[in-house]
Amino acid sequence: MGAPQASAAEQRNFPALLLQQLSAIKSAALNDDFAYREVTHLTENIGPRPSGSVQAHAAAEYVAAELRQIGLDVRLQPVTVPHWVRGAETAALVEYPGMVPGTTQKIVLTALGGSSSTPAEGLTGDVVVVNTFDELTALGRDKVTGKIVLFNELFDKQKAAAGMSFAAYGEAVRYRGAGAKAAADSGAVACLVRSVGNADYRLPHTGFSYPAGIPAGAVTAEDADLMAHLAAEGKVRMHLTLTPQKFPDETGYNVIADLKGSEHPEEIVVVSGHLDSWDLGTGAIDDGAGVVVAMETAEILQRLHLRPARTLRVIAWMDEETGGSGSKAYTAEFASDFAHHVAAIESDAGAAHPLGFDVKISPAAIEALRPVQSVLLSIGATVLQPSTYPPGADIAAMSDAGVPAFGIMQDGRTYFNYHHTAADTLDKIVPSELRENAAAMAVMAYALANMKDPLPR
Ligand SMILES: [Zn+2]
């Protein structure tokens, strides 16, 4: 049996010249270290880039300058961002069944973003371990008031090992986001959650927690187990010191850089990642990698002298991690133009081998993109997995407004080993896999920009 015959629509949308250009873009990406050099600078020279920090500011200026250098039309869009800075973070069990007199047990933890502070000298309280919100409610205020609540929801490692790490994350992360508020509503003086991640190296994973007016931290999975075991035997008391500070809001920036379309400059294809990171690591896989593969899409087109028919817009989003103010600012300015946003791509699931894309697009659009799957077959990035939710936090508003949305689907089996930890560093990016991601994004973006008809909605 020969190759399936291209339909008339495919021949119209993807003439031979476009297919040749897409192959050339793929080859260029697989032989280019531009993205790796850029992510090296972002992570090692600039470093952690939390919203409101001077590094986040420097990163926006750096990315803007690099994109100007490539020849794009660049602007910095001001965004009001929170500014929260980590302080001391220590904890120890000071009373527990079987304790050897005169000793304590160290608990390894980190403050969650947005956490309030304990007094400088810390606070001491009994630890109440619950697995779920329902268990907390069932205890009632009397048993929680004045205590430190630990939500011990397990991250499902089997799901992660089977390639469904984002499902596992979605299940567990509810407690990181909303646990502190629930604990505070029940009278707790502090809230701890079991870290949302699947490694076994006693690493705490930070992340956003809705401000609840009480200190909120994430303990390592190992320390959550320890406290759960001891609390099942009897009373456990903890001394906890978390002294982060919340400063007045700052001005941060989305970087918005256009490569003008030659035929339909008013129609826009977005390629993007988020520039802010957590503070513990250097934001390599979350999400320096996403920013640099978006940058490389433009770099390759310029180097190959390929002018997109529609405008290619590179966006490095600010403040994905602590409230999404970058995405909100973009929506506030451009919502009336979303009808002309033909598609939006975000990479925010790491830098590992791409399997394809999570997509929130119509069945007709999936069908129309069959030729792109053929181009990406040699690197395995062929999946177009329909998603019921927007496949990227920063492009969610566009997606909800009907803009066809794509998220690069990376092999996520190890992503949550490092996510939001001190170990999210450059060495976690495999250069050859980053090149595959750059190829996937560039090929898809150029296809969306140059297929004859805009992708059906
Ligand atoms: Zn991210």
Side-chain angles (χ1 to χ4, degrees), residues 35 38-39 42-43 46-53 55-56 59-60 63 79 81-82 84 112-114 160 165-170 172-173 176-177 195-198 205-209 218 252 254-255 270-295 315-328 330 344-352 354 357-358 387 389-399 405-412 414-426 428-429 434 437 441:
E38 294 292 359
V39 79
L42 285 175
T43 57
I46 293 177
R49 305 172 298 282
S51 284
S53 68
Q55 295 103 315
V63 168
V79 178
V81 296
W84 174 91
L112 293 175
S165 60
F166 280 83
Y169 179 71
V173 78
R176 191 195 76 205
S195 282
V196 184
N198 59 340
H205 297 239
T206 191
F208 185 70
S209 170
N254 287 330
V255 184
V270 170
V271 290
S272 66
H274 69 83
L275 196 48
D276 64 306
S277 75
W278 280 103
D279 56 337
L280 297 175
T282 57
I285 61 171
D286 189 12
D287 183 29
V291 170
V292 299
V293 298
M295 291 169 75
I315 305 180
W317 302 101
M318 186 45 62
D319 191 36
E320 188 277 337
E321 297 289 3
T322 57
S325 56
S327 170
K328 286 175 192 150
Y330 186 83
I345 310 178
E346 179 162 19
S347 173
D348 186 19
F357 297 83
D358 288 301
S387 169
Y389 50 87
D394 298 296
I395 60 171
M398 278 186 257
S399 177
F406 298 72
I408 300 186
M409 177 201 284
Q410 283 93 356
D411 177 347
T414 64
Y415 183 62
F416 291 100
N417 290 356
Y418 312 117
H419 181 254
H420 296 187
T421 74
D424 178 0
T425 46
L426 182 63
K428 305 310 181 303
I429 295 179
L434 188 69
N437 278 288
M441 190 179 268

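Every number for a ligand or one of its atoms is a count from 1 in the order of the listing.
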Between His274 atom NE2 and Asp286 atom OD1, the angle centred on the Zn ion (ligand 1) rounds (to 10°) to 90°
Query - the Zn ion (ligand 1) to nearest N/O/S of Asp348 less than 2.8 Å - result: yes
So, the side chain of Glu38 versus the backbone of Met295: is there a donor-acceptor pair under 3.5 Å, distance only?
-> no
Residues Ala284 and Ile429: closest non-hydrogen pair is O-CD1, 3.7 Å
Does a donor on one side chain and an acceptor on the other come within less than 3.5 Å for Trp317 and Ser272?
yes
Q: Would you kindly say whether Gln410 and Ser347 are connected by a side-chain donor-acceptor distance under 3.5 Å?
A: yes
So does Asp287 have any N/O/S atom less than 2.8 Å away from the Zn ion (ligand 1)?
no
